[in-house]
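Read the structure below first, then the notes.
Fair warning: this is a prediction, and the values are worked out from it, not measured in the lab. Letters A, B, ... are given to chains in the order of the sequence lines, protein chains preceding strands, and every chain is numbered from 1.
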Amino acid sequence: MAHWLYKSEPSVWSWDHQVAEGAKGTFWNGVRNHVAKQNLMAMKKGERGFFYHSNEGKAVVGIVEVIKEYYPDHTDETGKFGMVDIKAVKPLKRPVTLDEIKAEPKLKDMILVNNSRLSVQPVTDTEWGLICKMGGL
DNA sequence: GCCAACGTTGGC
DNA sequence: GCCAACGTTGGC
C-alpha cells in the first residue's frame, strides 16, 4: 500500500482543524499543480499519509487516511483539478521536524527535502516506517 | 522579510 | 513550440 505526505500551512489549515473534523473527515482541495494532481489520482481509499505543517512548525504532526478517492474540485473554475477526502487517524506522539528528517541520512532522498514546494508527495515504505518510529509510534 | 526554486503564462 | 517574465511557495 502506498503512503503519502500532505503539506499544509497551519495558519490556513492545521492538524487541529483536521482532528476537529473527526471521522467524517474533510476534502483536501486547493491543489493546482499537475504533479500533485497525479499523486491525488493515484490514491486509494484506506491509504495513509503524513500530515505536515509547513512554514510554522515545519514538522510531521499526524497521520491521515484517504476516505474518498479523487473527484472533481468544483471550486476550480478551470475544471482541471480535483481533490480527495481525508480524515485524521492519530497524532504522532511527538512531531518529527524537518531538521530531524534532514539529519537522518536514510531520509535524504525524501521529496520533502529535495522539492519542498510539492504539496502532495509519495512516501516510500522505508521512509514511512522510519518517521513513524521517530514520532514515537 | 528576504530570496531561491519552481511552475505558469504569454509574446514571438 | 520556445523562452523570458512573472507569481507563488516555503525555508531561512
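Remark: C1' of C:dC12 and CG of A:Leu98 are 11 Å apart, rounded to the nearest angstrom. Atom CD in A:Glu9 sits about 7 Å away from atom C1' in C:dG10, given to the nearest Å. Here the C1' atom of nucleotide C:dG10 and the CZ atom of A:Arg32 are 19 Å apart, to the nearest Å. A straight line from CH2 of A:Trp13 to C1' of C:dT9 spans 21 Å, rounded to a whole angstrom. Regarding A:Phe81, its CZ atom lies at a distance of 12 Å from the P atom of B:dG7, rounded to whole Å. Here the C1' atom of nucleotide C:dG10 and the CG atom of A:Asn114 are 15 Å apart, to the nearest Å. In this entry the distance linking CG of A:Asn55 with P of C:dC12 reads 11 Å, nearest Å. With rounding to whole Å, A:His53 atom NE2 is found 13 Å from C:dG10 atom P.
Taking every side-chain heavy atom of A:Tyr52 into account, C:dG11 is the closest of B:dT8, C:dG11, C:dG7. In this structure, of B:dT8, C:dG10, B:dC6, it is B:dC6 that holds the atom nearest to the side chain of A:Arg117.
One finds a salt bridge joining A:Arg94 and A:Glu100 here, because a Lys/Arg side-chain nitrogen approaches an Asp/Glu carboxylate oxygen to under 4.0 Å.
Inter-residue side-chain proximity for A:Val113 and A:Ile101 is flagged as met; some heavy-atom pair is nearer than 4.5 Å.
Ring centroids of A:His3 and A:Phe50 are separated by 6.0 Å or more, keeping the two rings apart.
Between the side chains of A:Glu47 and A:Trp4, at least one donor N or O sits under 3.5 Å from an acceptor N or O.
For the pair A:Lys102 and C:dC12, the criterion of a side-chain N or O lying under 4.0 Å from OP1 or OP2 is met.
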